[in-house]
Amino acid sequence: MSIDPYLSLEAAAAGIRNGDFTSVQLTETCLERIGALGDRLNCIAGIDPEKALADAAAADALTAAGKPAGALHGVPLAHKDMYYREGRVSACGSIIRKDYQPRTTATALNRLDAAGALDIVRLNMVEFALGPTGHNQHTGAVRNPWNIAHITGGSSSGSGSAVAAGLAFGALGSDTGGSIRTPSACCGLVGMKPTYGLVSRAGAMPLSFSLDHVGPLTRTVRDNALMLQAIAGGDPRDRTTSHRPVPDYLETIEGDIRGLRIAVCEDFFGDSLDDEVAALSNASLDVYRQLGATIVPVRFPEMQDLVALTTVLSSSESAGYHASSMASDWGRYGHQTRGRMLAGLFYPAVTYQQALKLRAPILRAFCEAMFANADVMHAPGLDTPVPTIAETDHSDGPGFLQALIRLTRNIRPFNYLGVPTMAVPAGFTANGLPASFQLAGRPFDEATLYRTARAYERATGCTDTHPQLD
């Protein structure tokens, strides 16, 4: 049976529920595509086809018995190789952990299991999630399905590539400095960095305690809401999680946005934009005007400082987490990873403490500036068209640091703030690669972001086009 690999996750789940196809047939479609494209894209870290098909058969048995598990029942997903599953290797993009088998399963995976989703493959990633381009000295660069000479973005590189290429119907990534939104922007996907504390990080490889976020990469806005719905909510295994009730994101997602107020921060995000990217970003704002939204210019001079503050926290905390391993296994880290780790060893403790202390007052000031007279914030994603792998292969030298800063300049501030921020596809640049913009909102107001993004998706069909790889 031929099944469209670019079905939405929502349509795939409905097809199983309605008897249009089985979970086994859907899984076979993904496995065939993985077999045909996985090596070409270099996005697969590990796969057990027999187990994937056995799990799909078990899902079909539940369907036949009238006992489907949940909203994602029987749908094959794939996840960044940093989400621990008990007894299964989780290498985290490294050779240091190539045989590591955790004794626990990530809460996010447990919740997807409870919703009935299948976990069919581990996906390649940047070593220990330290890099925005997708390069990995040990496993090689993951390839962008829109053009395999170009980067996928990182560090959730395999998640971006696999979902964009139709190898799975959605994936988990992680976002410490943009690692969900950058691959989503590069690969033409919808990517959500939820509010800090909305989704449990228990059982996910830690990088930066203050900045790590767990979230989904999907092909459509509704699919993203479905995945977040499944994984959101308090967790006693992660004391940073919020226990406030999680709303039904799909309940309001199709709502009208006439009268919606969209803040645009003009004193930071437009400073370094490539002309082509700026034109696409402005075009997305024009769409919102046509839909009845109002654009509200806002100033927030402190935005530039947030990039530096994010770097202080991420570098210091990642170096602290890896300190003992660096002492014993320094030569087994890749060049880029070592360069990032070293930087974290040189921040004085007082600098780190100040970066933490400033977070709450800066967040309050940001929310007052952006949302006193607006409902959501709009910002560009990448500054430039998606670069090639060769153009960004700078090892650990100064060029790498410059590329990192340029690639993530518009993205990293939102990690420090912890506010929900999502990447939305915004057409294509002249090189044929996707462009993207970001929507940011008040803490725990993901519902408004989804409604705003869905209105744009309906109006433009921005998620209807897929890479042509066959």
Side-chain angles (χ1 to χ4, degrees), residues 181 190 192-198 213 221 225 242 244 247 249 251-273 277-307 309-310 358-381 383 409-424 426 436-460 462:
R181 288 162 293 144
V190 178
M192 172 66 87
K193 180 196 78 62
T195 305
Y196 183 87
L198 179 65
H213 297 70
V221 176
S242 168
R244 66 174 61 202
Y249 298 123
E251 184 177 9
T252 57
I253 200 168
E254 300 294 342
D256 197 342
I257 64 163
R258 282 178 292 184
L260 186 83
R261 301 165 301 170
I262 301 177
V264 174
C265 184
E266 297 182 325
D267 55 347
F268 175 79
F269 290 99
D271 292 351
S272 61
L273 283 187
V277 172
L280 288 168
S281 181
N282 290 333
S284 68
L285 289 172
D286 287 340
V287 170
Y288 279 120
R289 289 187 182 95
Q290 293 163 12
L291 292 172
T294 301
I295 309 304
V296 181
V298 175
R299 293 186 61 81
F300 191 68
E302 295 87 349
M303 191 66 71
Q304 179 64 54
D305 298 332
L306 304 190
V307 178
L309 290 166
T310 302
L358 287 169
R359 196 176 189 188
I362 289 179
L363 173 60
R364 284 194 296 271
F366 172 84
C367 289
E368 290 170 3
M370 292 298 153
F371 304 125
N373 298 299
D375 304 296
V376 299
M377 176 187 175
H378 177 288
D383 272 4
R409 177 186 183 274
N410 292 340
I411 294 173
R412 289 171 70 80
F414 298 105
N415 290 86
Y416 184 78
L417 294 165
V419 296
T421 315
M422 66 187 301
V424 183
S436 180
F437 64 87
Q438 298 179 92
L439 294 173
R442 298 180 180 89
F444 299 102
D445 193 16
E446 284 78 4
T448 298
L449 297 189
Y450 281 132
R451 178 166 61 92
T452 306
R454 175 60 183 143
Y456 180 85
E457 182 183 44
R458 282 198 312 267
T460 64
C462 64

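Side chains included, hydrogens not; waters and symmetry mates left out as well; all remaining heavy atoms used.
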key: Considering all heavy atoms, the nearest P301-D267 contact   = N-OD2, 3.2 Å

key: Atom pair CG (L449) and CG (L439), whose distance is rounded to the nearest 0.5 Å   = 6.0 Å

request  = Check whether any side-chain heavy atom of S281 lies under 4.5 Å from a side-chain heavy atom of H378, and answer yes or no.
outcome  = yes

ask   = Closest approach of V298 and A369, non-hydrogen atoms and distance?
value = CG1-O, 3.2 Å

key: Side-chain (R412) to main-chain (L306) donor-acceptor, under 3.5 angstrom   = no

key: Any Y249 side-chain heavy atom under 4.5 Å of M192 side chain   = no

Spacing of CG belonging to D375 relative to OG1 belonging to T294, to within rounding of 0.5 Å = 9.0 Å

ask   = Does any N or O in the side chain of R359 come within less than 3.5 Å of the main-chain N or O of Y416, such that one atom is a donor and the other an acceptor?
value = yes

inquiry  = Give me the atom names and distance for the closest heavy-atom approach of I262 to A293.
reply    = CD1-CB, 3.9 Å

query = Does one side chain, of D383 or S272, offer a donor that lies under 3.5 Å from an acceptor on the other?
reply = yes

inquiry  = Under 6.0 Å between ring centres: does that hold for F300 and F366?
reply    = yes

query = Distance from I295 atom CD1 to L260 atom CG, nearest 0.5 Å?
reply = 8.5 Å

message = Testing the basics here: between V419 and T421, what is the closest heavy-atom pair and its distance to 0.1 Å?
response = O-OG1, 3.1 Å

Pairwise distance CD(Q438) to OG(S284) - rounded to 0.5 angstrom = 11.5 Å

More than 12 heavy atoms from other groups under 6.0 Å of CG on N282 = yes

message = What's the separation between atom OG1 in T310 and atom CD1 in I411, rounded to the nearest 0.5 Å?
response = 12.0 Å

task = Supply the atom-to-atom distance T452 OG1 to M377 CE, rounded to the nearest 0.5 angstrom.
result = 13.5 Å

request  = Mind running side-chain contact (heavy atoms from CB on, under 4.5 Å) on R181 and N415 for me, showing each step along the way?
outcome  = CA-CA 11 Å; R181 288 162 293 144; N415 290 86; 2.7 Å; yes

message = Ring-plane angle category for Y196 and H213, please: parallel below 30°, perpendicular beyond 60°, tilted otherwise.
response = perpendicular

ask   = Should E254 and R458 count as side-chain neighbours, where that means a heavy-atom distance under 4.5 Å?
value = yes

query = Would a distance-only check, ignoring hydrogens and angles, find a side-chain to backbone donor-acceptor pair under 3.5 Å from S436 to A426?
reply = no

inquiry  = Within the structure provided, determine whether L309 and I362 are in side-chain contact (heavy-atom separation under 4.5 Å).
reply    = yes

inquiry  = If we ignore hydrogens and angles and just use 3.5 Å, is the side chain of E446 paired with the main-chain N or O of T195 as donor and acceptor?
reply    = yes

query = Are any of the side-chain heavy atoms of R451 and V376 separated by less than 4.5 Å?
reply = no

message = Please find the pair of heavy atoms, one from P380 and one from N410, that lie closest to each other, and give the distance.
response = O-CB, 3.6 Å

request  = Quick one: closest heavy-atom pair of A374 and R442, and the distance?
outcome  = O-NH2, 3.0 Å

